[in-house]
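Contents: one structure, followed by commentary.
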Amino acid sequence: MRAVKLFGLILLLIGFILFNATFFLARYKLTPEVIESKISEGPSRDLFFQTSTEMQGQTFATSFSFVTELRKNFEAINQEQISNYGITQEEVFDLVARSGKQFTLASVDSLYLGGDEASEFKKKAWKDYGGWLEGREFLSPEELQTQLEGVVNNINQYAIINQVGFDRYQVKDLTYSITKASAIGPVASNPLLFLFLTIGLFIIGALTYILPKLNLLPGIKNNGIFFNAMKNTGWLGILTGTWLIVFYIILYFYPEYMTNWVIVVDPVSRVLNGNEAGRFFLYGFIYTLCILVMGVRMIIHYRHSKYQILRTYSVMFFQTAFAFLIPEILIRLNKPYFDFKNIWPLDYSFFFDSRINELVSHGTLGLFMLGWGVALIIIGVPVLVYFFGKRWYCSWVCGCGGLAETLGDPYRQLSNKTIKAWKVERWMVHGVLVFAIVMTAGVIYTYWTDASWFLFFDSYKLREVYGAFIGAGFAGVVGTGFYPLMGNRVWCRFGCPLAAYLGIVQRFKSRFRITTNGGQCISCGNCSTYCEMGIDVRWYAQRGQNIVRSSCVGCGICSSVCPRGVLNLEVKEESGRFGKPILIGNNHIKISE
Amino acid sequence: MKHIVIIGNGISGTTAARNIRKRSNHTITIISSETDHFYSRTALMYIYMGHMKYEHTKPYEDGFWKKNKIDLVRDHVTDVHPKTKSLTLQSGRSIEYDILIIASGSKSNKFGWPGQDLEGVQGLYSYQDLERMEQTTKGISQAVIVGGGLIGIEMAEMLLSRKISVTLLVREKEFWNNVLPLQEANMISRHIRSHHVSLKLESELKEIQADEKDSVKAVVTKAGETIPCQFVGLTVGVSPNIEFLKDSGIEVKRGVIVNEFLETNIQDVYALGDCVERNYELPGRKNIEQVWYTSRMMGEVLAQTICGNKTKYEPGPWFNSAKFFDIEYQTYGNVANVLGSSETDFYWEHKSGMKSMHLVWDKNSNQFLGINSFGIRLRHECFDQWLRENRSITYVLKHLAEANFDPEFFPRYESEIMASFAIKFPHAELNPRLA
Ligand SMILES: Cc1cc2nc3c(=O)[nH]c(=O)nc-3n(C[C@H](O)[C@H](O)[C@H](O)COP(=O)(O)OP(=O)(O)OC[C@H]3O[C@@H](n4cnc5c(N)ncnc54)[C@H](O)[C@@H]3O)c2cc1C
Ligand code: SF4
Ligand code: SF4
């Protein structure tokens with residue numbers, strides 16, 4: 001058994017090392033074909049061809065040098081366009097001289113008589129960006145000049161880059177897609193082989209490592225957890241956490257460097273949706289595999305508990321079918337990408353104009369999806385939480401929860417149980433909920449009114465900040481990267497706005513509670529230690545009080561690890577849920593308050 | 001406002017302190033020589049096995065005591081002077097009290113075996129015992145445990161978690177047969193063996209042999225067998241920890257003698273928890289009860305008395321629980337290892353050999369007396385009520401499903417149990433389906 005486990009571990013390590021090596025295993029060469037396939041036809045493409053002639057001949061040894069060079073190209077093009085189309089200080093003086101104290105667009109027309117492309121561009125830009133000054137009278141020419149300089153600034157900074165250059169979103173997308181397409185080397189020519197050598201070996205190794213656990217008798221097997229360098233924030237845990245954090249940062253913020261990893265899963269993507277893989281396909285693929293492989297571990301680990309087994313099957317199913325396969329198949333069928341189990345505000349972009357427009361444009365199916373999403377928010381959540389507790393989502397359906405309960409299970413004991421952490425948690429998670437609501441309100445307001453300014457915020461800026469800090473930073477980098485450091489539910493506990501919403505319902509209107517068994521608690525602390533949400537379960541159990549906490553995700557692990565059979569997740573009539581603490585067994589003491 | 005001094009920061013002393021604090025403004029001091037803060041003794045095994053760290057076993061955060069104005073003193077009480085109402089501590093310090101509560105717990109038994117004080121021989125009761133065990137079991141491969149009780153089985157599980165092979169010497173015919181009826185004792189014995197413990201039944205310790213460095217080398221049983229080992233766990237019960245009281249004038253026998261108000265023979269001195277011996281009988285209960293729950297209940301009761309609501313210690317029906325490796329055990333009421341003359345019983349065991357239920361009732365009145373349950377969790381509340389209401393065995397069986405406390409989706413066995421009951425007791429008046 002030891003030998004088999006060791007063999008598994010070695011395979012797993014080889015897979016992991018090769019996966020990391022793959023990151024560097026490419027050279028890069030920009031070809032005209034790549035440019036043609038990635039940049040759509042037009043003046044921008046021509047410009048790019050011209051500027052990048054030097055680069056096209058070269059082979060780059062790393063993605064870093066290639067990306068740097070690529071960025072220089074975009075930068076150069078933008079500079080060039082600014083000098084071609086930019087409005088000069090002389091032109092401003094000229095305009096002021098023509099206008100005196102009152103500005104009219106007629107004076108602009110009279111300034112640019114050339115009829116060439118640049119003049120036309122400038123005329124249009126003045127109209128778009130300075131139209132609001134039309135006819136205004138200022139106290140002095142100097143004042144007008146200040147106003148005009150403001151307009152020029154906007155034109156030079158945004159109009160030119162947006163219209164005849166490459167704006168930062170384009171640069172980001174193109175850098176990524178061009179880098180990916182320019183990769184040459186063993187991985188690019190044999191993606192399937194590398195799929196097997198990296199992710200494939202990793203999975204085979206992991207399963208070989210996990211399956212011998214079947215030889216142990218069923219039951220709670222937490223031996224050695226707090227001596228383990230991986231599970232007790234030892235060097236291995238810190239290393240793993242660091243790797244995960246770096247992975248997420250690259251994934252969300254620097255995807256152009258990880259294109260070789262994405263190439264590895266291209267074949268899978270082609271099979272499923274017919275297109276080459278994007279970085280989020282890679283992510284979804286690995287994510288699903290983690291849930292499946294570690295789900296097997298979870299099932300073996302808790303195979304004496306039907307509750308744990310069914311719950312794990314459930315998250316494995318919802319991740320594989322709902323989060324991974326169905327959306328890919330929808331894309332293959334030219335339908336909008338849609339994860340039927342993702343719910344706003346966890347799915348924070350649900351109300352974004354781009355997504356609503358996409359759904360609306362897909363007719364009945366799109367409208368159904370829109371209605372389904374809204375129904376989940378206003379009917380699904382409250383009704384199901386009323387009958388089952390928030391666990392129906394958090395530990396049976398949700399993808400984040402699914403990962404936490406499988407990949408994250410070995411780290412559940414690392415959650416902080418102090419009262420202070422509980423305080424921080426309440427402020428933070430509800431703060432994020434408020435943030436999500438305000439952000440979404442802004443989005444919807446902008447959608448209806450076309451005005452970007454909402455209350456005191458720029459709604460575009462707001463959604464961008466939310467996406468970067470909450471969507472990527474918190475949910476991804478911290479959420480998973482911190483598993484080995486602060487436990488497997490950092491995001492769910494401190495950051496998830498949907499968990500906050502589900503929690504409010506669970507706290508105030510639900511039939512769910514964890515009951516304690518009379519006077520049987522021996523205060524051992526297993527329940528609190530293994531509660532991933534950092535709930536001090538023992539505090540309630542040892543005084544005979546029902547556990548009714550908004551954060552409880554109903555994983556049932558407290559009940560599983562309790563050596564005295566004290567805890568039970570129960571759904572009963574609402575009355576009596578907040579009963580007084582009662583410890584049975586003592587004749588004269590009814591309430592130990 | 002009085003100064004209440006409590007000797008011992010275990011569950012009994014701590015419960016008393018907490019409940020006194022809730023009801024009064026008295027000054028409260030808890031003295032203990034074991035640890036700075038209250039921790040759960042029952043979780044000692046989990047620290048050794050790496051399930052938890054010491055700090056996880058503390059039921060209250062360290063700031064709790066200060067916030068609740070409960071002073072903690074880490075020291076050992078060497079003498080109690082009821083005449084001057086004061087205590088002498090090991091450090092030389094003296095503390096005065098208005099009310100003294102003795103909650104000094106138990107200590108492990110030793111029966112004068114040759115070699116019992118050798119290096120590598122110990123019991124398991126205190127945190128210091130655990131630290132010693134941690135030291136002496138480093139790198140060893142064989143251990144012998146003497147005594148088949150609850151702490152013995154925990155020690156076996158602890159050692160196995162460190163890949164140390166274990167031989168368990170048990171005097172009885174089956175494991176814990178002095179408490180459990182033979183059927184359950186046999187089932188647990190089988191389970192223990194399935195964990196590769198070498199379980200030696202009906203065998204007793206004769207002596208412990210030393211190597212040249214005065215460490216344990218082997219044990220010899222009364223049957224003459226020599227078992228090599230580097231560690232010996234002595235888990236042959238515990239007895240009240242009361243030496244420091246011997247010159248105090250406080251009446252002691254095996255434990256500190258108390259009446260139903262937990263008063264000792266001396267005014268303003270009370271005792272509770274493991275260290276007491278009741279001077280009055282409670283039906284179906286021994287006069288010294290060394291379990292967590294009774295210690296806690298005594299703490300609850302005494303707090304009432306001290307805060308002016310004089311209350312008798314009258315525990316309800318007996319209950320207890322334990323875990324033998326992977327099998328959980330719960331008991332309610334009284335199921336003795338040998339049936340009483342007017343008792344009769346029904347035993348059901350699941351084919352897996354991991355679950356069983358044993359019900360006992362009065363032959364003449366059919367009154368239900370107690371249940372042992374293995375591998376199936378039962379609801380304390382139900383059995384407490386049924387025992388208090390003197391329900392019949394038929395009633396209990398009929399309502400057995402209500403008392404199930406297993407998690408959702410767990411297989412249920414009530415109908416199997418009832419069916420097998422009906423075969424054994426076909427007469428109509430006992431048939432729960434007809435009742
Ligand atoms: C390993 C183990 C597992 C157990 N498991 C269970 C279980 O599962 N279920 C169950 O019901 N029971 C169990 N028990 C028994 C249970 O722990 C005891 O019944 C309970 O702890 C008794 O509490 P107490 O407050 O009376 O005394 P204790 O917990 O023993 O506390 C007494 C304290 O007083 C201190 N003290 C004593 N004398 C002095 C002095 N002179 N000066 C200063 N300090 C002093 C001691 O150091 C100790 O800290 C277990 C016991 C052990 C050892
Ligand atoms: S509820 Fe169970 S696990 Fe939690 S402290 Fe009590 S006995 Fe231990
Ligand atoms: S209280 Fe229990 S069920 Fe709820 S989250 Fe914590 S461990 Fe899971």
Side-chain angles (χ1 to χ4, degrees), chain A residues 217-228 231-232 304-311 413 417-420 515-526 528-530 536 538-539 542 556 559-571 582-589 592-593, chain B residues 11 15 19 22 39-40 42-43 46-47 49-53 56-61 63 160-162 191 194-195 292-294 296-297 300-301 304 311-317 319-323 325-328 330 354 376-381 383-385 405-411:
Chain A
L217 293 169
I220 293 298
K221 297 286 173 308
N222 287 336
N223 289 351
I225 285 190
F226 280 99
F227 311 137
N228 187 307
K231 300 171 188 168
N232 186 29
H304 58 292
S305 167
K306 264 265 170 62
Y307 183 80
Q308 300 301 343
I309 293 175
L310 288 176
R311 188 170 75 82
Q413 64 283 353
K417 319 297 189 306
T418 57
I419 295 173
K420 205 167 146 199
T515 51
T516 58
N517 199 7
Q520 289 281 26
C521 175
I522 52 168
S523 300
C524 68
N526 275 295
S528 298
T529 306
Y530 288 91
D536 191 358
R538 164 175 56 193
W539 171 268
Q542 66 191 358
S559 164
S560 293
V561 296
C562 174
R564 295 294 178 270
V566 178
L567 303 161
N568 203 4
L569 282 60
E570 293 196 80
V571 171
I582 294 178
L583 286 169
I584 296 168
N586 215 351
N587 281 3
H588 292 281
I589 316 280
S592 75
E593 184 54 54
Chain B
I11 177 68
T15 308
N19 284 284
K22 276 183 203 155
Y39 78 99
S40 181
T42 53
Y46 300 110
I47 304 176
M49 289 165 55
H51 293 209
M52 283 191 268
K53 295 202 259 189
H56 296 116
T57 67
K58 290 190 274 189
Y60 303 94
E61 284 182 28
L160 284 181
S161 79
R162 302 274 181 103
H191 184 60
S194 76
H195 275 274
W292 186 265
Y293 319 100
T294 50
R296 193 200 69 226
M297 290 193 279
E300 291 164 358
V301 169
Q304 300 254 357
T311 306
K312 278 187 187 166
Y313 172 60
E314 279 189 331
F319 66 96
N320 199 5
S321 55
K323 193 173 178 188
F325 287 97
D326 304 313
I327 301 184
E328 286 175 20
Q330 293 184 339
M354 300 277 287
I376 298 174
R377 294 176 175 178
L378 296 176
R379 210 177 279 273
H380 186 180
E381 198 182 346
F383 280 98
D384 189 72
Q385 195 186 342
F405 200 68
D406 270 342
E408 294 147 300
F409 308 117
F410 271 47

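Note that these values count all heavy atoms, side chains included, but never hydrogens, waters or copies made by symmetry. Reminder, nothing fancy here: chain letters follow the sequence lines and each chain counts from 1.
- Within the 4.5 Å cutoff, no side-chain heavy atoms of A/Arg564 are placed close to those of B/Glu328.
- Contacts of A/Lys417 with chain B are made by backbone atoms alone, with heavy-atom separations under 4.5 Å and no side-chain atom involved.
- With a threshold of 4.5 angstrom between heavy atoms, B/Tyr60 approaches chain A through side-chain atoms but not through N, CA, C or O.
- Residues passing the ring-ring contact (aromatic ring centres under 6.0 Å, His included) test with A/Phe226, sequence neighbours excluded: B/His56.
- Neither the backbone nor the side chain of B/Pro317 comes within contact range of chain A; no heavy atoms are under 4.5 Å apart.
- If you measure heavy-atom distances from B/Phe405 to chain A, the contacts under 4.5 Å come from both the backbone and the side chain.
- Ranked by heavy-atom pairs shorter than 4.5 Å toward chain B, the options A/Gly519, A/Gly518, A/Gly224 are led by A/Gly519.
- Comparing A/Ile225, A/Thr529, A/Ile522, A/Asn526 by how many heavy-atom pairs each has under 4.5 Å with chain B, the most go to A/Ile522.
- Between chain B and the residues A/Ile220, A/Asn232, A/Ile419, the most heavy-atom pairs under 4.5 angstrom are made by A/Ile419.
- Annotation: side chain of A/Ile584 is not in contact with side chain of B/Phe319 (no heavy-atom distance under 4.5 Å).
- When heavy atoms are compared at a cutoff of 4.5 Å, B/Phe410 approaches chain A by way of both its backbone and its side chain.
- Within the 4.5 angstrom heavy-atom criterion, only side-chain atoms of B/Glu61, from C-beta onward, approach chain A.
- Note: B/Ala322 leads B/Pro407, B/Pro411, B/Ala322, B/Ser194 in heavy-atom pairs under 4.5 Å with chain A.
- Interface check for chain B: of the options A/Arg538, A/Lys221, A/Lys306, the most heavy-atom pairs under 4.5 Å are formed by A/Arg538.
- For a residue to count as touching a neighbouring chain, one of its non-hydrogen atoms must lie under 4.5 Å from one of that chain's; by this rule B/Ile327 does not touch chain A.
- For the pair B/Gln330 (side chain) and B/Leu378 (backbone), a donor-acceptor distance under 3.5 Å is present.
- Heavy-atom pairs under 4.5 Å with chain B were tallied for A/Ser560, A/Gly219, A/Ser305; the largest tally goes to A/Ser305.
- Of all the listed residues (B/Pro315, B/Pro59, B/Ala43, B/Ser40), the one sharing the greatest number of non-hydrogen pairs under 4.5 Å with chain A is B/Pro59.
- At a threshold of 4.5 Å between non-hydrogen side-chain atoms, the residues A/Asn568 and B/Arg377 do not count as touching.
- Top candidate by heavy-atom pairs under 4.5 Å with chain A, chosen from B/Thr15, B/Asp406, B/Thr42, is B/Thr42.
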